[in-house]
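As a basis for the values below, the full set of heavy atoms in this structure was taken, side chains included, without hydrogen atoms, waters or symmetry mates. Keep in mind that this is a model prediction, so the values were computed, not measured. Throughout, protein chains are lettered first and strands after them, A, B, ... in sequence-line order, and every chain is numbered starting at 1.
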2 protein chains.
Amino acid sequence: MRKSDIQTVRKLALFSDMSDECFETMLQGAFLQRFPSAVVLIGEGEPADFLHIVVDGCVELYATTNGRESTMAVVRPVATFILAAVLADAPYLMAARTIESSQILMIPAENLRDAMKNDAELTRAVVNELANSYRSVVKTLKNHKLRSGVERLANYLVSTHENQGANGRIYLPVEKKLLASMLGMTPENLSRAFATLKPYGVRVKGADIEISLIDDLRVLAKPNELIDNPRS
Amino acid sequence: MRKSDIQTVRKLALFSDMSDECFETMLQGAFLQRFPSAVVLIGEGEPADFLHIVVDGCVELYATTNGRESTMAVVRPVATFILAAVLADAPYLMAARTIESSQILMIPAENLRDAMKNDAELTRAVVNELANSYRSVVKTLKNHKLRSGVERLANYLVSTHENQGANGRIYLPVEKKLLASMLGMTPENLSRAFATLKPYGVRVKGADIEISLIDDLRVLAKPNELIDNPRS
DNA sequence: CGACGATTTGAATAGGATCAATGGGAGTGG
DNA sequence: CCACTCCCATTGATCCTATTCAAATCGTCG
């Protein structure tokens, strides 16, 4: 690993408070590697040999069964994925693939577990990250069990609108096909959901979306702090 | 708290390896209390003041938004709930209520967090519990995003059949209304799903279910280790 | 330019929800 | 102990949502 890369990693919230010594030991045998788009990084059911961290780019977590496939989450820098599998020393429940050219840091699972034994600050940060990951999945599950497809889309648009400056337009950061899978619907259904939102000021031009009646959209979406707010 | 209760708690996997000193300090200000059925223990959005542990009985975790309600999980002894909220010092994402007369241990959130600073074994156990909770929610989400209602029911029956001795019959441990909500459907739809499974050897008499063609049922259900196995 | 995949639209179908009505038990109070 | 009540559960009818299959269009990339 190059020195500049190490510095990038060192600044991650997960590692910023741990001791230099533990940090360096932990990185023995770690990789920071760049992958092109569409590379499968880990497969469902494989043993959790490495903790992965998205340093740059974008990674999709997805799951399959019985020929079906669904997107579980999209991970953007800087965040870990499959932390729980590493800590439980259990097989991955989700597969992961790059959806852009991405830089991934891979830390041997055992290194992380050993480092946690020796560094309380690291452990504290790991617990924090894990607790927030848990809460994130719970929110996703609530989103799916309590809302219809159109409502999920409307809330996605409302949140994204705020994250992107709340200036009446959105740029979709992912393909519609992937967005559909994130929202738990087919691409066809997503198209129709967008059409349904037209009376609420939603106009689609490729990845550019115009949000002209945000208040109306919010009335339909009824955003909920405990589902849509990534913090809290 | 009575001495016998303390001994019960002491044996929980979460606490069994921690030091006596930390354990006793942690229990300062803790309650072990019995509640009747249908008592709301915590509400969605409330601050996480206590870690709750189901020592006896049964607790439903549920979520609401916009007038709708859905069961997120059912917690049986001996297990914690809302551990993540306590660790993240964040509001509860799910509400909890007893569905039987239940004995609940409540430990002040700050006590737990302090104890973790002083006791590495406790921390290790908490990380383990949290990682497994995370994996459990991920499995639930996969179940919902990748399967139809009938398939979810079929898989529930297959798992329950195994857990209850695989002898051709099941006793439903929860009301059908609650089961329907767990499985993400209406009670009416659950009734119809049971009817759909009749050709697969599923016969319903109240809470007693006869499973006469388990192999056929498994062919329909297509159980998946990474969704249906609580371990792994 | 041409091929391929993404997106959209239409039509038909399936899956699930809602509304309404009825049957069944469990628990309560007389 | 029995009648009553309440709520759970089932069934029918209908409506709405979402998926599937098909086909046309659009864009992008080699």
message: Salt bridge check, B/K177 against B/E60: does any charged N sit closer than 4.0 Å to a carboxylate O?
response: no
- request: Nearest whole angstrom, please: distance from the C1' of C/dG25 to the NZ of B/K205.
  value: 17 Å
- prompt: Among B/K222, B/R147, B/K142, B/R218, whose salt bridge (Lys or Arg N to Asp or Glu O under 4.0 Å) with B/D228 holds?
  reply: B/R147
field: Spacing of A/K145 atom NZ relative to C/dG16 atom P, expressed in whole Å
entry: 14 Å
task: Decide if atom CZ of B/F50 counts as having more than 12 heavy atoms of other residues, nucleotides or ligands within a radius under 6.0 Å.
output: yes
task: Find the bend of the helix from C/dC1-D/dG30 to C/dG30-D/dC1 as the angle between its two terminal axes (five pairs each), to the nearest 10°.
output: 40°
Rounded distance (Å) that lies between atom C1' of D/dT19 and atom CZ of A/R68: 12 Å
- line: In B/K198, B/R169, B/K205, the residue satisfying salt bridge (Lys or Arg N to Asp or Glu O under 4.0 Å) with B/E210 is B/K205
query: Among B/I99, B/V74, B/I104, whose side chain to side chain contact (heavy atoms under 4.5 Å, CB included) with B/V59 holds?
result: B/I104
- request: If a protein heavy atom is under 4.0 Å from the base, mark B; if only from the sugar-phosphate, S; if neither, -; do that for nucleotides 6-16 of chain D going 5' to 3'.
  value: --SSBBBB---
- line: Rounded to whole Å, the CD-C1' distance (B/E151 to D/dT19) equals 13 Å
task: For side chain to side chain donor-acceptor pair (under 3.5 Å), just list the numbers for B/E44 and B/T64, CA-CA rounded to whole Å, side-chain angles, deciding distance to a tenth of an Å, and then say yes or no.
output: CA-CA 8 Å; B/E44 233 173 310; B/T64 57; 2.9 Å; yes
- line: Checking B/L105, B/V78, B/V55 against B/T8 for side chain to side chain contact (heavy atoms under 4.5 Å, CB included), the one that qualifies is B/V55
- request: Find the distance A/M185:CE to C/dT7:C1' and express it as a whole number of Å.
  value: 15 Å
Exercise: identify the closest heavy-atom pair between B/Q164 and B/I170: OE1-CA, 3.4 Å
field: Phosphate-side-chain proximity, B/S148 and C/dG15, N/O vs OP1/OP2 below 4.0 Å
entry: no
- prompt: Whole-Å distance between D/dT17 P and A/R147 CZ?
  reply: 17 Å
